[in-house]
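Because only heavy atoms are used, hydrogens play no part in the values below, and waters and symmetry mates are left out as well, while side chains stay in. This one's a predicted model, so the numbers in the text were calculated from it and none came from an experiment. Naming: A, B, ... by sequence-line order, numbering from 1 per chain.
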Number of protein chains: 2
Amino acid sequence: MNDLSNHEQAIELLQELGLKEYEAKAFVALTRLPTGTAKEISEISEVPRTRVYDAVRVLETKGLVEIQHANPQRFRAVSIDEAAETLRREYEERTDSLRATLRTIEPAAPSEETEVTHEVWSLSGDSAITSRTRQLVDESGDEVILVIGDESAYTPKLQERLQAAGDRDVSVVIGITDEPLRERVERELPGAKVFASGLEWLSSSAETGDETVIRRLLLVDRNTILVSSFHEDLGIGHDHEQAVFGRGFDNGLVAIVRRLMYTGLLSNGDA
Amino acid sequence: MNDLSNHEQAIELLQELGLKEYEAKAFVALTRLPTGTAKEISEISEVPRTRVYDAVRVLETKGLVEIQHANPQRFRAVSIDEAAETLRREYEERTDSLRATLRTIEPAAPSEETEVTHEVWSLSGDSAITSRTRQLVDESGDEVILVIGDESAYTPKLQERLQAAGDRDVSVVIGITDEPLRERVERELPGAKVFASGLEWLSSSAETGDETVIRRLLLVDRNTILVSSFHEDLGIGHDHEQAVFGRGFDNGLVAIVRRLMYTGLLSNGDA
DNA sequence: ATCCGAATTAACTCATATAATCACAATAAG
DNA sequence: CTTATTGTGATTATATGAGTTAATTCGGAT
């Protein structure tokens, strides 16, 4: 169940990379052979022999397979690194084009003004959330309060932004329960106040069977918050990370978080 | 037909990057608005209003859109760079996993020996062909004859490999019709013989309406050849590049190329 | 030359996924 | 309370891909 599941995994990956099922299966089969005929491929993959030809021809046009026109035809997969590199480049080119193309059309149709003091947005994915976090820190005017619930959320880039905020006289306050991380942050961000107590409510309450981990909690200028969390289910990867990001002093969500944050601070003897 | 075709281009790109039609259209629409409701999106894209919700929800889980849960719901696209970066990373991770996974399964089923003296393989795509070219140069034992039909085929890496071949006493002969390129190669590869005449047959014969351009022509040890060509159709990009690669001294194809190459050489007073 | 079997191509059927439409429930505004 | 708008769910149609079968080609043996 191990080697097999690796095959399946490879096949799935290839499909996610845009190949059809037969193409993916045929490619994996070819990867296991120095060279193969349609028959051989059909035998070790689950591709009907008569369809191996289509599949392989497509693979050839994608630069993943070479074809020997003989009788019977023989096929050969390019090396693993070559294949991966070919696919990677293909997508890199696409994302680059996308960037360029989107830039040319950004101008939008005008719509009425939407003056909102109360905003609550939800977003997901580590990347999007990290990016929004940075932006909020950069925009801060006089105070940033950040609770870091997971070591991986404290990146060098974030440290840099926090440092910069501190340098322009924004008060930076950081809450961390994890002891070793706390010490590290204290060392790396001398200008910031780091506190630990008063955050008991943060830890995932095992009593309630709650597997949700709060990863970051940010309050900027008492006005804007960002809360992100993920479930402790599937292994590593903060892909599943979900976040809510809200604006407006009188926003209920913001008010609650403000309360919690200041409670934590107070119990620490600060604020 | 310009701005419109840009939209369409962006939509197509997004679909190639794995989004569904509605998702792609909705995203492009959102890109043009600072913020948008389902109705607005539906109006400027061609997505039925009732389907905007699904599409946007998917986009949100992919980290491309943020959702404001209000009434009416408002949606906002992340910045262009963020979107492109998010997608790029996604595919990078996949190609990396693929590489790793394929490595674990390479061991193949044993098949009978296939000792072939006559091989002819076809392959396509600049990347695959470039890679095979390098490999052949690296494997050369005593002679490399290379005709470069297009400046872009002469890369620093190739130069390096040719240099290395020369250093291990392989005779390196290079044919180039393009005058400026010829001089450059002579300068950069002092150990190689560079010739120009006798290659008239190479130029695409406009008489026959033949738009095919020979990009590279390689003969290694009088035994192995590689011929690559592309059509002068769609703008730039050697994506369409097609190649044939053959082995075996008595291989007909190899023989023909050998004849051509030596003719070129002879008329130059060498060989 | 003719026949036979394997190799290859092409065509068709079926299942699934996605696009497109519709009907209805929830909500807010008048 | 009424009505227009927003959002959800179910339904139909269409396109795409998987799976199958038949027809063609090709090489070798009779």
For [X] and [N], give me the distance from atom [atom1] to atom [atom2], rounded to whole Å.
| X | N | atom1 | atom2 | value |
| --- | --- | --- | --- | --- |
| B:Arg51 | C:dC22 | CZ | P | 13 Å |
| B:Ile41 | D:dG7 | CD1 | P | 10 Å |
| B:Gln15 | C:dA17 | CD | C1' | 14 Å |
| A:Leu19 | D:dT16 | CG | P | 18 Å |
| B:Gln73 | D:dT5 | CD | C1' | 13 Å |
| B:Arg49 | D:dT8 | CZ | C1' | 10 Å |
| B:Lys25 | C:dT18 | NZ | P | 15 Å |
| B:Asp54 | D:dG7 | CG | P | 12 Å |

Could you work out which one of [options] sits closest to the side chain of [X]?
| X | options | value |
| --- | --- | --- |
| A:Lys20 | D:dG17, D:dG7, C:dT8 | D:dG17 |
| B:Asn71 | C:dA7, D:dT6, C:dT21 | D:dT6 |
| A:Tyr22 | D:dT6, D:dG19, C:dA20 | D:dG19 |

Within the 3.5 Å criterion, strictly below it, is a donor on [X] or [Y] matched to an acceptor on the partner's side chain?
| X | Y | value |
| --- | --- | --- |
| A:Ser124 | B:Thr61 | no |
| A:Glu241 | A:Ser228 | yes |
| B:Asn6 | A:Thr101 | no |
| A:Ser42 | A:Arg51 | no |

- Query: Nearest nucleotide by nearest heavy atom, which residue falls closer to the 5' end of DNA chain D, A:Glu21 or A:Thr50?
  - Reply: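 Nearest nucleotide further toward 5': that of A:Glu21.
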- Query: How is A:Pro48 classified with respect to the nucleic acid when contacts are heavy atoms under 4.0 Å: base, sugar-phosphate, or nothing?
  - Reply: base
- Query: Under 4.0 angstrom, heavy atoms only, what part of the nucleic acid is A:Thr37 near: base, sugar-phosphate, or nothing?
  - Reply: nothing
- Task: Ignoring backbone atoms, test whether B:Arg57 places a side-chain nitrogen or oxygen under 4.0 Å from the OP1 or OP2 oxygen of D:dT8.
- Result: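 Answer yes for this pair, as a side-chain N or O of B:Arg57 is under 4.0 Å from OP1 or OP2.
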- Message: Measuring to OP1 and OP2 of D:dG7, would you say a side-chain N or O of B:Tyr53 lies under 4.0 angstrom away?
- Response: yes
- Can you check whether B:Ser127's main-chain N or O pairs, donor with acceptor, with B:Ser131's side chain at less than 3.5 Å? no
